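First comes the structure, then the notes that go with it.
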Amino acid sequence: VREGPLLAVWAIVTLALTAGVLWRAESRAVDDPVQKAARGEVTGLGALSLVREERLAAGLRKVRERWPDGRIVGLRVEPTRADLSVRTPDFVVHQVRIDAGLGLDESSTSEGVEEGLAEVPAGAPERILRAVNRRTGTAPEDVDYVNLTGGAENPGWFLKLERGTRPDRRDYVARLDGTGVRGNWEPAR
Amino acid sequence: VSISVSPSAAGSAPERSGPGAGGALLILAGLVTCTAAVAGFCWALYSVMRIGTCATGGPYVSARPCPPGTGTKIVLLVGSIFGGLLGIALYSAGWARAGRAGRAGLGLGTLMWSFTFLGAAAACGLAAFGPAAVDDGGGAKIAAITLFVVFIPMGVIPLIGGLALGGRRRRRPKPDAAPRLEGIPGDLSPAAPTGPAAPASGPAPIVPFTPMPGVPAPAEDDPVEQLERLAKLRDSGAITAAEFERLKREILG
């Protein structure tokens, strides 16, 4: 056994393997929804946006599978992510994030007694955003976030535009099912 | 002592003992561990560079949350360094079983160092300029570019140094290029280095004996014994009577 040729073979294998690993990771990153979100390629009502009904429904389904008896006490939806607070029957509130690839990540837990909702209509954020776009002439990409409000007693939605209109015309509210969209400055009908 | 030169042995390489089955396994395990360490380190560094800055934990919504697996990648980043050290240790232990030290110049340690930094530079370069590069205006891209610039010389310089050192060793005259002399446990080579530190591999050459100034040479044979040997040569016909007489006069002074 001679050491020189052995090291030469090892060097070639190591360099090839390392290059392959890096290139494969880079190739995956090109199509990875999370990386796309980081690059700003997931916006508005694009195919991967969590504001879209089918994407949010898929994410909420994963949450339901993980905490079948959980109740949603908070939900904030952006195109690239959704942040939830899920309370389980033992009064533990789980802070959960759904990323653009529909991955779940629980960041922390606390205690809470909020009643919460057993089901959230996943199509409401998209319906509200389209209504606001029609009304204001803005684009779907102008949305900042859509937030669940009111708790279990008076649930509804709040939508915030990031740009596209005057700063005092960027807040909108709607009912839980996404109907009755109006400006936050307007009186309830 | 009769010393004769064996033509068949002239120029042949010295025999070296192999590492044995156990040693070979250690060497193989060391090389595989080193490969995994280099590839794992570069992948982990690339992944961390892709993540950039992030924060996780607490009841608040982080603007840049850490994706799942971030902690695992950081652990792999640090752990692969220790994995590489373990691989080098296994590799050295394998060769030590054969009684051989590591190579001077471009050995596994130098290669590991260079490949780790060159791979890290590639990972940073890919994170900064690759097809999936994120240009979010944050510090991650600047950090990747900075590390890319720093890591390249850290990998290249030791590699060049190791190659130069290895080349210098190869240019030295090889002791095993001289005729092998039978009857002594080594080579009797006029070209063999006479300095201290012979190369680590192969047996040390034996230098021809030269009397030091002031030290008396070994005593000659007894004149009577020399005359007796001469008489035997004359009686056997190896030398003539005239040659016998001439040599006898030389011996008697």
Side-chain angles (χ1 to χ4, degrees), chain A residues 1-4 6-41 74 76 78 80-85 93-101 103-112 145 147, chain B residues 16 18-19 23-24 27-28 30-32 34-43 45-47 50-52 55-62 64-69 91 95 98 100 102-103 106-108 111-112 114-116 118-119 122-123 125-127 130-136 166 201:
Chain A
V1 179
R2 295 182 64 84
E3 191 176 8
L6 187 66
L7 283 180
V9 172
W10 174 83
I12 292 168
V13 169
T14 300
L15 287 177
L17 183 70
T18 304
V21 165
L22 288 178
W23 188 250
R24 184 179 167 88
E26 179 73 0
S27 300
R28 284 186 173 183
V30 171
D31 299 323
D32 179 26
V34 177
Q35 292 292 325
K36 280 189 170 184
R39 295 196 297 271
E41 297 173 9
R76 183 180 191 271
E78 295 178 29
T80 57
R81 60 193 278 185
D83 296 281
L84 298 89
S85 298
V93 179
H94 303 266
Q95 303 296 334
V96 185
R97 187 182 75 246
I98 307 171
D99 62 35
L104 286 189
D105 183 37
E106 181 180 356
S107 59
S108 65
T109 58
S110 58
E111 287 187 325
Y145 62 88
N147 202 24
Chain B
R16 302 173 120 179
I27 291 170
L28 186 64
L31 291 176
V32 170
C34 286
T35 299
V38 171
F41 179 84
C42 295
W43 179 80
L45 183 64
Y46 167 84
S47 301
R50 272 273 170 269
I51 293 170
T56 295
Y60 308 104
V61 175
S62 302
R64 298 174 66 90
C66 296
Y91 180 81
W95 283 116
R100 287 168 58 180
R103 286 165 65 91
L106 201 60
L108 182 65
L111 288 174
M112 277 290 288
S114 292
F115 286 4
T116 300
L118 288 176
L126 209 54
V134 178
D135 192 5
D136 58 355
S201 60

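The chains referred to below are lettered A, B, ... by the order of the sequence lines, with proteins before strands, and numbering in each begins at 1. Just the heavy atoms: all of them, side chains too, but no hydrogens, waters or symmetry mates, feed the values below. Please read these numbers as outputs of a predicted model, since none were measured by experiment.
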Residue pair B/Trp43 / A/Arg24, side-chain heavy-atom distance below 4.5 Å: no

Using 0.5 Å steps for rounding, measure from the CG atom of A/Leu6 to the CG atom of B/Leu31. 5.0 Å

Distance (rounded to the nearest 0.5 Å) between A/Thr18 OG1 and B/Tyr46 OH: 14.5 Å

Under 4.5 Å, counting heavy-atom pairs only, tell me which of A/Leu22, A/Asp105, A/Val93 racks up the most with chain B. A/Leu22

Looking at A/Glu26 and B/Ala132, what are the two nearest heavy atoms and their distance?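 It is OE2-N, 2.8 Å.
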
Between A/Val30 and B/Pro131, which heavy-atom pair has the shortest distance, and what is it?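 Heavy atoms of A/Val30 and B/Pro131 come nearest at CG2-CB, 3.9 Å.
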
Segment of B/Cys66 engaging chain A (4.5 angstrom heavy-atom cut-off):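 Contact with chain A is through the backbone of B/Cys66 alone.
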
Heavy-atom proximity to chain A below 4.5 Å, by part of B/Ala133: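 It is the backbone, since no side chain atom gets that close.
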
Does A/Trp10 have its ring centroid less than 6.0 Å away from the ring centroid of B/Phe115? yes

